[in-house]
Asker: 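Questions regarding the structure given below will be posed in turn.
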Amino acid sequence: MRNWVLTGAALVLLVGGAASAQERPSDQTLRFLQSKVVADPDDALAHNRLAGAYIRKARESGDIAYYALAEQTAQRSLQIIPRGPVAARATTMMAVVQLARHQFREALVSVRTALDQDPSEQTPQAIAGDALIELGEYDEAGRAYARLAGLDGPRRPDARVAYLKFLRGDTPGAIASMREAVTRWAAAMPVGEPLAWTRAQLGHLLLGTNDLGGAEAAYRDALTALPGYHPALAGSAAVQAARGKLPDAAALYHKALDVVPLPEYATALGDVYTRLGRTTEASKQYALVEYIGKLSAINQTVYNRELALFYADHERKLPQVLDLARKELEARRDVYTYDVLAWTLYRNGQAREAQAAMKEALKLGTQDARLLFHAGMIHRALGEDDAARTALARALALNPRFHVLHAEVAASALAELRARR
Amino acid sequence: MAYTQRFGRGTVMGLFVALLAVLLMVPVGVLQGADHRDAPSADEDPVADIADVYTFINPNDTSKLIIAMTVNGFAVPAVRATYSLGPDVLYQFKIDNTGDGNEELVVQVTAEGFESSGLRDPRCPVNASGQGGQFIEVVGPAKPKKVGNVTELVSTKGNPMVSGCTNTVLSGGGIRAWAGLAADPFVVDIGQFNRIVARQQFLFRDVPASPLGPLPGRPIRADGTSGVDSFGGFNATAIVVEVPISMVIGNKNRTSTYLHNNSTIGVWGTTSRGRHRHLSSHHEARENGSFIQVQRMGQQVFKTVFIFTDNAAKEAFNRSIPAQDHTLRGLLPDALTTTDTDGTGNTTAGRAAVLTALGVTAPPFGAPLLLGPAFPNTDKDLIRNVLLPDVLRIDLSLLPPGDFAVANNGYQNGRRFNDDVIDILLQLSRQLADVKFPAGLLGGIPGSGPLGTRKALNCDPIATCDQRVFAVLQGTDFIKKDTDLLILNTNGDDSPLRADFPYIGVAHPLPGNAGTVGFPPQQ
């Protein structure tokens, strides 16, 4: 398992050694930047560049161990130069690491520190917006992004604005903004993780609207920008699952898991196996999800919500999952965290409490079939048939194949509700 | 010294000084390079971020002028194919040959495709060295359709034009062009500079004892150097164009302008993006219609030291034009003259005496004085006049090998790839920028009198002295050997230049691989 401790690759990079023919360009980049730090251990900017490369590597590989290396390197930079613009860059790196670890409030503190050190820094504004979204402070997040709206080229925060639009229910606007982001990145840097990430995000948006062809193309383009990019592999798998090509979906999920064993990939693969009736293989994947959750404290922080959703979806450890969901709400208060809380309450037979949480989840009008499915099931449990029919119908209208297992549940529940009329 | 003689040719030595003064007086940002990645978040837009601009007369054909710019600064050799020119970016060299701060001529460069596998322009398959992929078109020198920060593509008809693939010398219409990844020729010890301005150190090289006490800096290594070239091993994407001097020299009398004589022109670089963009099926963002300026650059490190940390000012500068630079005069300090301005002997001679007393005018603790001990400047606006507008000035009558003249037209006459532009800046600044020292410092050194109406760098009290005063004190960042400190037409770069066009050095391979050139050279 590569993901949960310092990986073999990271360790090799730390101790140095000759470059191998099989070494990835990103690893060679790290080796080069490490050599610059070795050549001048007192160059804070060189440390900042290396920290940035570790962060890019973490994003590219999904290996969160690189965030620890980024943190150490940024801290060293701050030891060399604790104040001023160079320190602002290092502090910004710290904020990125904190964001990745879901330490959203800490990230906001770092952002403020960075801006105090160098008010001209703009990356902290973007990070602030990201953190504020996770904390449910959407208007404030919008203001943070607006401060970057005048930037040119790929610096413009189109992708971030796209997500905010999506959350607020403007899916067409979100797709348009994400396409703009793709265009800007493609023109500026046609290969690499930033473009791959942006294309994968576009794929996710299109998949959510059941535009399977568009999503598939976006994921394919993402893989062109960065071969083996795991979010694009998993997205491609979801497209195949939506098409009912479950063996193809399973193969793609396996590829994504080979890159990085994220719990959502294992969950999705397990669901595909369940749908195929291959219960033993499904159980293995579900066991993997639980194992990942137990592996380290940082995993329990970063993947808390995914684990809660997994347990709720599969009706496991239901009393404990409520604790998980409530704990997550302490860290972030966005609509998806409220959704997970609502779903876990529902699974625990607390439909009334679930409805209150679901109201928070839907307060922005987010057009997400999963949210609407959850809302419909909660209404149904409360005997609010009209509301349940409306929510489930909207979910299936948005995407009749939104989930390999739940889409069928939604359709069945809707049919039953309609039959009651 | 030849340099000293050349100083006398131009009054503009102060320009250098001015620049240095700027370095000292402005609440400067992080020095990341001549102008590398200067704008906030520019890390995310490297194709439009100008690292440096160069112009010089071709030493192998003195009838030709070379103009060049670099983008994609800090390019890592391991991922060479990820660095391309931006297909959505219009790269322009602008030439003022009337002295009004506006461009009378432009050379426009556009690119199609990318260097990366799968995205290469079909006309440009990869070559034997693994390079190639972009198709570039170079048009000009040509009269611009629009002057200023909004422009349009000039016609390919009736203007010099050449096109072809990157990493290839293209020739036609009287011009030559080359674009591709190259060893970044810029040299500076950024790491130590940043430690100095952050008050973690005082000087580039350690001075264990001085009248001010010990002044910590880097120790001297066994080879006699102490600096580190922070750009060592990094590449950048370069555009190099050669044009006949006859096409750009102009015929308008400009003796009363900032260009001072009729053989001098101003050169700067810009990047622009179009208002209308679409992405083709080949992932090429194509532009048409008007292009809006994203960034501009003339002299080395101008923005970095001059446009502060205020992002709005930086963005405004990037969108502005040289003709508007007179608005920046208030940001620059006075130049020292032969007249005492504060009753303490605050003159160029007085400053030279202070530097000598501190022991920083001879190796190993400093470079020899570039201007001599009594530089006869009489213009307190010298710095302002030589630095503004922010364009490279080149006197086309100074032919190689006699074309290198510090302060003749600004920092230096034109800018060659291997000019030691940082040491030039440091040397001129330390001798010319006015500084307000504390009263009674070292018995009342020049500059320690009343500030009055002087516009000086603030070093009063010494405990909160603007650290840039210390940064320039030694007149060098000690990248080169001490014996070479006054040889300012070499900068100690780790990569040799090509002997002929495009001159800029071959791109670095990954350290440790075959072809690595002395990386890292100083350790």
Asker: Measuring from B:Asp189:CG to A:Asp40:CG, what's the distance to the nearest 0.5 Å?
Answerer: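 It is 6.5 Å, given to the nearest 0.5 Å.
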Asker: Any sub-3.5 Å donor-acceptor pair from A:Lys36's side-chain atoms to B:Gly233's backbone N or O?
Answerer: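 No, A:Lys36 side chain to B:Gly233 backbone: no donor-acceptor pair under 3.5 Å.
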Asker: With a 4.5 Å cut-off on side-chain heavy atoms, are B:Arg195 and A:Asp42 touching?
Answerer: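 They are in contact (side-chain heavy atoms under 4.5 Å apart), so the answer is yes.
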Asker: A:Asp43 versus B:Ser230: any side-chain heavy-atom pair under 4.5 Å?
Answerer: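 Yes, side chains in contact.
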Asker: May I ask you to name which of A:Ala44, A:Pro82, A:Ala46, A:Pro194 has the most heavy-atom pairs under 4.5 Å with chain B?
Answerer: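 Most heavy-atom pairs within the cutoff with chain B belong to A:Pro82.
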Asker: Heavy atoms, side chains only, cut-off 4.5 Å: are B:Phe234 and A:Arg49 in contact?
Answerer: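 With C-beta onward as the side chain, the pair touches.
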Asker: Are B:Arg199 and A:Ile81 close enough that some pair of their side-chain heavy atoms sits under 4.5 Å apart?
Answerer: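 Answer no - side chains too far apart.
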Asker: Out of curiosity, A:Leu45 CG to B:Phe193 CZ, how far, rounded to the nearest 0.5 Å?
Answerer: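 If I round to the nearest 0.5 Å, the distance is 11.0 Å.
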Asker: Heavy-atom distance under 4.5 Å between the side chains of A:Gln79 and B:Gln200, does that happen here?
Answerer: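 When only atoms from C-beta onward are counted, B:Gln200 and A:Gln79 do not touch, as no gap falls below 4.5 Å.
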